2 protein chains.
Amino acid sequence: MATIKDVAKLAGVAVSTASYALNNSDKVSQTTKEKVAAAAKSLNYRKNGLASDLKRTNTNTIALILSDLSGPYYSELIQGVQDVTTANGFDLIACSSIGGADSTAVKFLQEKRVDGAIILAHNISDEVTVQSARKGFPLVVLDRNLDSSFIYNIEVDNIHGGYLATEHLIQHDHSEIAYVSGPYNSHDNQLRFQGYLDALKDYNIPYKSKWKIIGDFTRESGYRATKMLIAQRQLPHAIFYANDEMAIGGLEALRENDISVPNDLSVIGFDDIQLAEYVSPPLSTIKQPKYEAGSLAVHVIFQVLAGEKVDHQYTLSTELVKRQSVMQRTIS
Amino acid sequence: MATIKDVAKLAGVAVSTASYALNNSDKVSQTTKEKVAAAAKSLNYRKNGLASDLKRTNTNTIALILSDLSGPYYSELIQGVQDVTTANGFDLIACSSIGGADSTAVKFLQEKRVDGAIILAHNISDEVTVQSARKGFPLVVLDRNLDSSFIYNIEVDNIHGGYLATEHLIQHDHSEIAYVSGPYNSHDNQLRFQGYLDALKDYNIPYKSKWKIIGDFTRESGYRATKMLIAQRQLPHAIFYANDEMAIGGLEALRENDISVPNDLSVIGFDDIQLAEYVSPPLSTIKQPKYEAGSLAVHVIFQVLAGEKVDHQYTLSTELVKRQSVMQRTIS
DNA sequence: ATGAAAGCGCTAACAA
DNA sequence: TTGTTAGCGCTTTCAT
């Protein structure tokens with residue numbers, strides 16, 4: 001593989017001249033540039049990006065860490081990240097955190113391969129996250145709340161969202177409201193549950209632990225949780241699923257048991273994933289400002305990189321999306 | 001930022017020893033390892049991955065080039081890629097090709113930042129692709145067919161898929177079958193169209209150019225193309241959309257015009273994206289073996305990297321998925 | 001078991 | 001405008 005040295009030799013110039021020429025510096029004459037370009041071409045020269053990044057000590061790229069590259073990721077969020085990144089002339093790479101400690105994600109987090117990173121991956125531990133952030137390497141986390149010098153938190157107002165969802169159900173005269181929870185270690189889930197509790201309290205509805213079923217944010221777990229609920233002697237008036245995926249699984253379970261949504265039972269989800277409007281019935285849910293979250297994340301990174309002082313905490317608001325899975329309860 | 005030199009100095013050993021210790025080589029005594037580890041920890045040392053990759057002249061990572069990170073990418077395909085990559089102890093990064101010649105993708109393709117790449121991005125030109133592939137840097141393309149020493153082609157049998165879709169429609173007594181095409185420069189689209197033509201011919205149905213409408217694989221374009229079709233004086237019996245996204249856009253246009261699918265008109269798509277089974281009516285379509293395509297792609301790369309001689313051409317078969325958007329035509 | 005030193009491919013300060 | 005050279009941070013050969 002040809003190096004810049006070979007190119008310089010063939011062109012009959014010094015390496016530095018070749019470097020300048022290749023980088024189109026104006027220190028070098030047009031004719032030399034052409035000579036170098038010709039030599040590079042004939043050798044099929046490709047610069048080694050690692051070497052130049054090493055020399056320059058920065059990479060101009062930021063990483064987006066996802067727990068699963070193939071996952072149902074919020075495409076709007078990625079869009080936001082991507083737009084701002086490219087607008088700033090930076091590169092963006094996405095890497096997966098599956099594999100835990102020796103995942104690609106951790107490698108990128110710890111080995112100075114990028115200038116900053118955005119984390120949306122529950123399977124990266126808080127510990128790894130905290131110890132990866134360092135001066136000159138800002139980290140934005142979108143799925144947790146960490147207090148550390150080089151970590152910036154962007155959250156969606158999950159409490160308010162949970163409140164909104166629950167209140168919406170209550171306003172349709174539902175009082176026995178089940179909560180199908182995400183995994184215990186999910187920060188988002190805890191906050192959504194908190195919102196649920198708050199709404200119940202504000203409307204003087206007692207919380208009953210029998211209405212709390214644990215899921216893990218997967219469709220399958222929503223299905224199972226719902227089956228469990230059905231197996232109990234009494235059905236709730238409505239179910240609030242901590243995310244849409246679980247709600248979709250739940251819808252399937254309800255259908256299998258001939259429980260009509262929203263006639264027999266109302267359902268609400270959280271996230272407003274793309275599928276939500278296509279399931280039957282179209283799912284009412286809580287929408288998050290995903291594009292904004294993504295673009296804000298990168299924005300924060302650039303500010304930090306530019307040496308500006310920025311807040312460590314941001315909260316974006318949620319919004320109720322009314323579709324057809326919630327209906328007024330007819331007292332029978 | 002602490003370097004290995006600092007660590008060595010603090011630990012009171014030579015750089016080489018520090019390196020060995022950090023890499024857990026057995027050339028170094030346990031006590032030294034501990035000393036070094038302690039020094040590294042106290043300095044919050046992070047190795048510079050670029051430097052070690054540079055030295056080693058390989059990166060152990062492969063890139064997946066997508067035209068849009070946020071796109072509705074075949075998650076199964078990515079899954080296949082990911083599984084095989086991690087199983088081989090390599091890292092996988094995804095990068096976007098938006099931005100054309102100075103996109104992240106091109107940077108990774110040309111600057112030896114990865115050991116191999118898989119391309120599924122129509123906006124990377126054939127030219128860039130061909131000139132990026134080189135000895136020691138195999139490229140697998142999933143969306144075109146290129147004849148070059150270091151390029152490997154994996155294709156789905158689009159012709160057969162197009163044939164299957166069209167034949168399915170014909171077998172339900174549809175003879176006026178519209179084809180909503182993808183963009184002209186799409187290789188996949190051309191082949192699907194070829195299959196359409198072949199089926200028409202085999203069943204002695206004349207091809208009418210008025211039934212060919214151009215789209216660009218987006219939902220929006222499917223919507224527009226369908227509106228155009230509706231605006232023509234006569235409706236076809238069925239529409240074959242070159243991909244599911246366009247079919248979904250089409251379904252919306254038909255619904256708005258009170259044209260019932262499949263009663264008034266049958267619809268079939270191509271891809272079998274996740275949404276397909278959720279739209280109304282559930283979309284009949286052609287399924288591609290995406291996971292297999294992804295895993296095969298990486299597999300080929302590893303074989304080439306290992307110096308084995310491998311085929312340059314692979315074709316995977318497609319399959320008809322019958323759902324509810326195609327119905328027997330009642331001759332009126 | 002440990003250290004000295006060369007060098008991966010590039011950039012940039014400095015000299016000419 | 002061009003050339004010489006140091007060095008980015010690391011790995012690894014060779015000597016000790």
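Sequence lines set the chain letters: A, B, ... in the order given, protein chains first and strands last, and positions in each chain run from 1. Everything numeric here is computed off the predicted structure, so don't read it as measured data.
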What does [X] touch in the nucleic acid at a heavy-atom separation under 4.0 angstrom: a base, only the sugar-phosphate, or nothing?
| X | value |
| --- | --- |
| Ser16(A) | base |
| Asn23(A) | sugar-phosphate |
| Lys47(B) | sugar-phosphate |

Query raised in the report: What residues, two or more places apart in sequence or in another chain, satisfy side chain to side chain contact (heavy atoms under 4.5 Å, CB included) together with Ala94(A)?
Result: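 Result, side chain to side chain contact (heavy atoms under 4.5 Å, CB included) vs Ala94(A): Leu69(A), Leu69(B), Ala94(B).
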Which nucleotide in the set [options] lies at the smallest distance from any side-chain heavy atom of [X]?
| X | options | value |
| --- | --- | --- |
| Asn48(A) | dC8(C), dC10(C), dG3(D) | dC10(C) |
| Thr32(B) | dA1(C), dG3(C), dT11(C) | dA1(C) |
| Tyr20(A) | dA4(C), dC10(C), dA13(C) | dA13(C) |
| Lys55(A) | dG9(C), dG3(C), dT11(D) | dG9(C) |
| Thr17(A) | dG3(D), dT11(D), dC8(D) | dG3(D) |

Give a yes or no answer on whether the side chain of [X] reaches the backbone of [Y] with a donor-acceptor pair at less than 3.5 Å.
| X | Y | result |
| --- | --- | --- |
| Asn153(B) | Gln313(B) | no |
| Asn88(A) | Phe90(A) | no |
| Arg46(A) | Ala2(A) | no |

Query raised in the report: If you find the nucleotide of DNA chain C closest to Ser29(B) and the one closest to Ser52(A), which residue's nucleotide is nearer the 5' end?
Result: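 Per heavy-atom nearest nucleotide, the more 5' residue is Ser29(B).
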Query raised in the report: Taking OP1 and OP2 of dC10(C), is either one under 4.0 Å from a side-chain nitrogen or oxygen of Ser19(A)?
Result: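 Ser19(A) to dC10(C) OP1/OP2: no side-chain N or O under 4.0 Å.
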Query raised in the report: OP1 or OP2 of dC8(D) less than 4.0 angstrom from a side-chain nitrogen or oxygen of Thr3(B), does that happen here?
Result: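 For dC8(D), OP1/OP2 do not have a side-chain N/O of Thr3(B) under 4.0 Å.
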Query raised in the report: Is the number of heavy atoms from other residues, nucleotides or ligands under 6.0 Å of Glu308(A) CD greater than 12?
Result: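 Count over threshold, so yes.
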**Report entry** Between dT11(C) (C1') and Ile4(A) (CD1): distance, integer Å
**Finding:**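 It is 8 Å, rounded to the nearest whole Å.
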Requested in this report: Quickly work out the Leu50(B) CG to dG9(C) C1' distance and round it to whole Å.
Outcome: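 Between C1' of dG9(C) and CG of Leu50(B): 12 Å.
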Query - Global bending angle along the helix from dA1(C)-dT16(D) to dA16(C)-dT1(D), which compares the axes of five pairs at either end, to 10 degrees - result: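 Here the local axes at opposite ends form an angle of 40°.
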**Report entry** side-chain contact (heavy atoms from CB on, under 4.5 Å) partner of Val140(B), chosen from Ile119(B), Val298(B), Ile301(B)
**Finding:**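 Only match with Val140(B) under side-chain contact (heavy atoms from CB on, under 4.5 Å): Ile301(B).
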Query raised in the report: Between Val28(A) and Val15(B), which has a closest nucleotide on DNA chain D that is more 5'?
Result: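 Whichever sits nearer the 5' end wins; that is Val28(A).
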Query - Leu191(A)/Glu155(A) under side chain to side chain contact (heavy atoms under 4.5 Å, CB included): CA gap, chis, key distance, verdict - result: CA-CA 11 Å; Leu191(A) 300 178; Glu155(A) 282 189 301; 3.7 Å; yes
